[in-house]
**Student:** 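Have a look at this one.
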Number of protein chains: 2
Amino acid sequence: MTTTSTDGRSLAGLAALLADRTRASFCLALLDGRAWTAGELARAAGVAPSTASDHLTRLVHGGLLVEERQGRHRYVRLAGPSVAQLIEDLAGHVPAPPVPARTLRAASAGAALAYARTCYDHLAGRLGVLVHDALLDRGVLDRTGGLALTPAGVAWLAGIGVPVEPLRTGRRPLVRDCLDWTERRPHLAGALGAALCARFLDLGWVVRGTGRAIRLTPAGGPALAATLGLAPAALAPPPSRDTGPARA
Amino acid sequence: MTTTSTDGRSLAGLAALLADRTRASFCLALLDGRAWTAGELARAAGVAPSTASDHLTRLVHGGLLVEERQGRHRYVRLAGPSVAQLIEDLAGHVPAPPVPARTLRAASAGAALAYARTCYDHLAGRLGVLVHDALLDRGVLDRTGGLALTPAGVAWLAGIGVPVEPLRTGRRPLVRDCLDWTERRPHLAGALGAALCARFLDLGWVVRGTGRAIRLTPAGGPALAATLGLAPAALAPPPSRDTGPARA
DNA sequence: CGGACGGGTCGGCCGGCGCCGAACCGTGCC
DNA sequence: GGCACGGTTCGGCGCCGGCCGACCCGTCCG
């Protein structure tokens, strides 16, 4: 407003909220779209409850988080999909580390996340990209002039129990690209991306694992493959059984 | 890619680049899409050249800026459209200031920017939103399933000297919404938004003013109105009082 | 060839902020 | 009622980083 709509000070102030290791880890944890208590976040980040409390107050005050108090608990979650997108975009600009370096133990956990996870409220990882690509192949989505849902796609979605009309309300885009961290290719976000993920969970085709991880159920694999017109093998999970966490 | 896609530390490190008033103002200045010299940015931000030099080194190192050295000058610009989008998105999340408060002098400069300006490399401000709306009205763009360019739109664009096919290269989205700071409504970004802005400049319909400001030329007003199917009065610039400069 | 100028480096000052522990408050449970 | 527990506030410590001035380097120009 002073000079050009937004001045450096206010922009810096907002960025400063994310410029702290602890607050940043809070936001990344909250990317799963769920509400966390202050204590959970404190433990996850490895800081004292008092420290976490202070950070949360700032994040809420800055508009990035909203809180909901229940009894003696303070639940916080991201203020909305646009904040989630902001964090995602920011994370996407982190320069690639010089050394991929991962421990054996972290590798298996990382592989599970690379296969399938939630990205705020929609599917991501290899599975998310596969779904995205299949929707394009089937003509549900079209990319000739920007990403868009086709009329045929509306009917197809209704067939699997995802009515589109209710999704058009609000200012959230119906479909949106979201660059996948691990695949470096786009997967489907937006209101439809969220609705599709929720539907798959409802149908029991996928279930939530630890953290943001998503697992394909035994029944879900063939069902999803059939619905998307894919060979069942195309949805094969990572190397081996995803359970079987390293000896720990 | 690292452990869990992105950890708090690296995200915080990236955000820290934008969490400084001086660096943030650099980035905002560079949103005009042009390359600035280190000295220009230093003067614009009101810091010593040595200070600016240090900041620029960090921004380049962090991947947000790219530099180009010519003789004794160091030119820097944003590393790409995605960085511009990131800054825009971040700026869009700045909580509304308690007091709009602008001085009389700043008001006139602000009014010019509110009317028309560049947003990295595409049109923004009231003019940008008008163009965006007109393209939807004419059926060049379609929003029934996400923002998309229509087949009819491709032909229409060819008619005004904007071939679409070359724009499909690269990973930049063809069309994309960009929330306008002043209008609080979307204008057109993406490769097409940039191409359209460049074409209007080429045709002499609009010219660059000071900074990011854009002015409609005497010839450009009627030409643009005719092309977009608008009444010439609809494009009236701010000086000649339009219907309500802003909110009262 | 020498001076002017853009820019980079170094050293030092100083303010801001992230952290914790201790004390306090309210909730919920036994 | 009493205790455990989640969360908050406060004071204080320590460090990181933003800033400048002074000095140095390279380019451009007369």
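Just so we're on the same page: letters track the sequence lines, and every chain starts at 1. Every heavy atom of this structure was used, including side-chain atoms; hydrogens, water molecules and symmetry mates were not.
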**Student:** Between D/dG6 atom P and A/Trp36 atom CH2, what is the distance in whole Å?
**Tutor:** 16 Å
**Student:** What is the separation between atom CG on A/Asp54 and atom P on C/dC20, rounded to the nearest whole Å?
**Tutor:** 11 Å
**Student:** How many angstroms lie between CD in B/Gln85 and CZ in B/Arg172, if you round to the nearest 0.5 Å?
**Tutor:** 9.0 Å
**Student:** So, B/Thr51 and B/Asp54: side-chain donor and acceptor under 3.5 Å apart, yes or no?
**Tutor:** no
**Student:** Looking at the base of D/dG7, is there any donor atom on it, or on the side chain of A/Ser50, that sits under 3.5 Å from an acceptor on the other one?
**Tutor:** no
**Student:** OH of B/Tyr75 versus P of C/dG8: gap in Å, rounded?
**Tutor:** 13 Å
**Student:** If you find the nucleotide of DNA chain C closest to A/Ala16 and the one closest to A/Arg72, which residue's nucleotide is nearer the 5' end?
**Tutor:** A/Ala16
**Student:** Of the nucleotides D/dG21, C/dG18, C/dG7, which one has an atom closest to the side chain of A/His55?
**Tutor:** C/dG18
**Student:** Between atom CG in A/Leu59 and atom P in C/dG18, what is the gap in whole Å?
**Tutor:** 10 Å
**Student:** For B/Thr217 and B/Trp205, indicate whether the former's side chain and the latter's backbone hold a donor-acceptor pair under 3.5 Å.
**Tutor:** yes
**Student:** Can you tell me how far CZ of B/Arg199 sits from CG of B/Leu192, rounded to the nearest 0.5 angstrom?
**Tutor:** 13.0 Å
**Student:** Would you kindly compare A/Ala48 and A/Gly71 by the position of their nearest DNA chain C nucleotide and give the one closer to the 5′ end?
**Tutor:** A/Ala48
**Student:** Strictly below 4.0 Å: does B/His73 bring a side-chain N or O up to OP1 or OP2 of C/dC5?
**Tutor:** no
**Student:** Considering only C/dG7, C/dC20, D/dG7, which nucleotide approaches the side chain of A/Ala38 most closely?
**Tutor:** D/dG7
**Student:** Counting side-chain heavy atoms from CB outward, which of D/dC19, C/dG18, D/dT9 is closest to A/Asp20?
**Tutor:** C/dG18
**Student:** Please give, in whole Å, the distance from C/dC5 P to B/Arg43 CZ?
**Tutor:** 12 Å
**Student:** Just the rounded figure in Å: distance from P of C/dG8 to CG of B/Leu41.
**Tutor:** 11 Å
**Student:** For the side chain of A/Thr37 and the base of D/dG7, is some donor closer than 3.5 Å to an acceptor across the two?
**Tutor:** no
**Student:** Check the phosphate of C/dG26 against A/Arg74, side-chain N and O only, distance under 4.0 Å to OP1 or OP2. Yes or no?
**Tutor:** no
**Student:** Indicate, with a heavy-atom threshold strictly under 4.0 Å, whether B/Thr57 touches base, sugar-phosphate, or nothing.
**Tutor:** nothing
**Student:** Report, as yes or no, whether the 6.0 Å neighbourhood of atom CZ on B/Arg9 holds more than 12 heavy atoms from other residues, nucleotides or ligands.
**Tutor:** no
**Student:** For D/dG17, does either OP1 or OP2 sit under 4.0 Å from a side-chain N or O belonging to B/Arg23?
**Tutor:** no
**Student:** Using a 4.0 Å heavy-atom cut-off across all strands, classify A/Pro49 as base, sugar-phosphate, or nothing.
**Tutor:** base
**Student:** Rounded to the nearest Å, what distance is computed from the CD atom of residue A/Gln70 to the P atom of nucleotide C/dG28?
**Tutor:** 10 Å
**Student:** From CG of B/Leu56 over to P of C/dG8, roughly how many Å is that when rounded to an integer?
**Tutor:** 7 Å
**Student:** Among D/dA22, D/dT9, D/dG6, find the nucleotide with the atom closest to the side chain of A/Ser53.
**Tutor:** D/dT9
**Student:** Using 4.0 Å as the upper bound for N to carboxylate O, is an ion pair formed by A/Glu68 and A/Arg77?
**Tutor:** yes
**Student:** Between D/dG18 and B/Arg58, is there an OP1 or OP2 to side-chain N/O distance shorter than 4.0 Å?
**Tutor:** yes
